[in-house]
K.L.:
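So that we are looking at the same thing, I have put the structure below in structure tokens.
Atoms considered below: every heavy atom in the structure, side chains included; atoms not considered: hydrogens, waters and symmetry mates. FYI, the numbering just counts along the sequence from 1.
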Amino acid sequence: MDAHGAELDSLPYIDKEYDDPAVREQVLLMIQEEMARMSPPAIPRSTSLFKNNELLRKEYERIKAGRPMPPFDIERYKLEAPAETAGVDAWKRASDNAASQLEHQNIRQVNLELLQHFGANAWKLGNYQKEKLLEHVERAAAKHAQEGVDLNKARKYEQTEAGVKLSDLESRWSEGVRQCIEIQAANCELSAEIKRLELEVNSDITTK
């Protein structure tokens, strides 16, 4: 709505001037001229992403800079015994590493057992939830699509009705303009006739 509360809308079902290539070209030219006078939008030069996640921020900066991904470190997964001449600290680190690897394998075994017992049902449940979500999205999409169709139908009906009124008003306006022109022409003829009669009267008076 504009400042006066009037609802402004295009009339594509009534106005057919845009179908004319010459009119369309003129409209596009006016749009380009208007866009050329518009100031460009203010876009920040730099946008800081992942402010609260240092890991994602570093990964984003790495990809942005084009640096390759660092190779996967497999040293910690090796179980190598220290040299015979190694000291107590080296053997302690090797023992801690072996204990860590053993715990890791235990956790993997537990996860596999959990997957074997509950994985199938969890997978079915996940599929069921995704199917329901898909159905919900499809229903919402169909609803919005139908709302768009109904809105276009209502616009077409309203504009068609308005087109009949506009045609009637245009005909009445044209008729009023035509009558005004005829009245002006008649007034001009009467003015000329009055002047002619005045001249005749004045001429008769002077001759007498």
K.L.:
Which heavy atom of Ala90 sits nearest to which heavy atom of Pro82, and what is that distance?
P.N.:
O-CG, 3.7 Å
K.L.:
Would you confirm whether Asn106, through its side chain, and Leu102, through its main-chain N or O, come within 3.5 Å as a donor-acceptor pair?
P.N.:
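Pair found, side chain donor or acceptor close to backbone of Leu102.
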K.L.:
With clusters defined by side-chain heavy atoms of hydrophobic residues (ILVMFWY) lying less than 4.5 Å apart, directly or transitively, does Leu28 cluster with Met35?
P.N.:
yes
K.L.:
Distance check, rounded to the nearest 0.5 Å: Leu133 atom CG versus Glu138 atom CD?
P.N.:
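It comes to 10.0 Å.
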K.L.:
Rounded to the nearest 0.5 Å, what's the gap from CD on Glu103 to CD on Gln105? Could you check?
P.N.:
10.5 Å
K.L.:
Does atom CZ (Arg196) have a neighbourhood of more than 12 heavy atoms from anything else shown, all under 6.0 Å?
P.N.:
yes
K.L.:
List for me each residue that meets salt bridge (charged side-chain N to carboxylate O under 4.0 Å, His left out) alongside Glu61, sequence neighbours excluded, and say none if there are none.
P.N.:
none
K.L.:
How about Glu135 and Lys132: do any of their side-chain heavy atoms sit closer than 4.5 Å?
P.N.:
yes
K.L.:
Could you give the side-chain donor-acceptor pairs of residues 108-126 under 3.5 Å, partners two or more places apart or in another chain?
P.N.:
unit_1 : atom_1 : unit_2 : atom_2 : d
Asn111 : ND2    : Ile107 : O      : 3.3
His117 : ND1    : Glu113 : O      : 2.7

K.L.:
To the nearest 0.5 Å, tell me how far Asn187 CG sits from Ile194 CD1.
P.N.:
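With rounding to 0.5 Å, CG (Asn187) is 9.0 Å from CD1 (Ile194).
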K.L.:
Is the closest basic N to carboxylate O distance between Glu54 and Lys58 below 4.0 Å?
P.N.:
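Salt bridge flag = yes for Lys58 with Glu54.
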K.L.:
Any sub-3.5 Å donor-acceptor pair from Ser100's side-chain atoms to Asp96's backbone N or O?
P.N.:
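Side chain of Ser100 to backbone of Asp96, a donor-acceptor pair under 3.5 Å: no, none is there.
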K.L.:
Is it the case that one hydrophobic cluster holds both Ile183 and Trp173, taking links as side-chain heavy atoms less than 4.5 Å apart, direct or via other members?
P.N.:
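Result: no, two separate clusters.
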K.L.:
Below 4.0 angstrom, N of the basic side chain to O of the carboxylate: do Asp20 and Arg24 qualify?
P.N.:
no
K.L.:
Are Gln146 and Asp150 linked by a side-chain donor-acceptor pair shorter than 3.5 Å?
P.N.:
yes
K.L.:
Please answer whether the main-chain N or O of Gly148 pairs with a side-chain N or O of Asn152 as donor and acceptor at a distance below 3.5 Å.
P.N.:
yes
K.L.:
Can you measure from CD (Gln101) to NE2 (His104) and round to the nearest 0.5 angstrom?
P.N.:
6.5 Å
K.L.:
In terms of hydrophobic clusters joined by side-chain contacts under 4.5 Å, are Leu56 and Met69 together?
P.N.:
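The answer is no; the residues belong to distinct hydrophobic clusters.
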K.L.:
Answer yes or no: is there a donor N or O on one side and an acceptor on the other, between the side chain of Asn97 and the main chain of Lys78, under 3.5 Å?
P.N.:
yes
K.L.:
Determine, for Arg62 against Glu59, whether the closest basic-nitrogen to carboxylate-oxygen distance falls under 4.0 angstrom.
P.N.:
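Salt bridge present between Arg62 and Glu59.
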K.L.:
Calculate, to the nearest 0.5 Å, the distance between atoms CZ and NZ belonging to Arg57 and Lys64 respectively.
P.N.:
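With rounding to 0.5 Å, CZ (Arg57) is 13.0 Å from NZ (Lys64).
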K.L.:
How many angstroms lie between atom CD of Glu34 and atom CD1 of Ile31, to the nearest 0.5 angstrom?
P.N.:
9.5 Å
K.L.:
Looking only at side-chain N and O atoms, does Glu175 offer a donor or acceptor that is under 3.5 Å from a partner on Gln179?
P.N.:
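Per modelled atom types, Gln179 and Glu175 side chains form a pair under 3.5 Å.
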K.L.:
If I compare all heavy atoms of Gln159 with all of Ile14, which pair ends up nearest, and what's the gap?
P.N.:
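Smallest interatomic distance, heavy atoms only, reads O-CD1, 2.5 Å.
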K.L.:
For the side chain of Ser95 and the backbone of Trp91, is there at least one donor-acceptor N/O pair under 3.5 Å apart?
P.N.:
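Looks like no, no N/O pair under 3.5 Å.
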K.L.:
Do Tyr128 and Val137 belong together in a cluster built from hydrophobic side chains that touch within less than 4.5 Å?
P.N.:
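Hydrophobic grouping puts Tyr128 apart from Val137.
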K.L.:
For Glu161, does the CD atom sit with more than 12 other heavy atoms under 6.0 Å from it, leaving out its own atoms?
P.N.:
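Check passes, neighbour count above 12.
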K.L.:
Less than 4.0 angstrom from a charged side-chain N to a carboxylate O is my criterion; do Arg155 and Glu158 meet it?
P.N.:
no
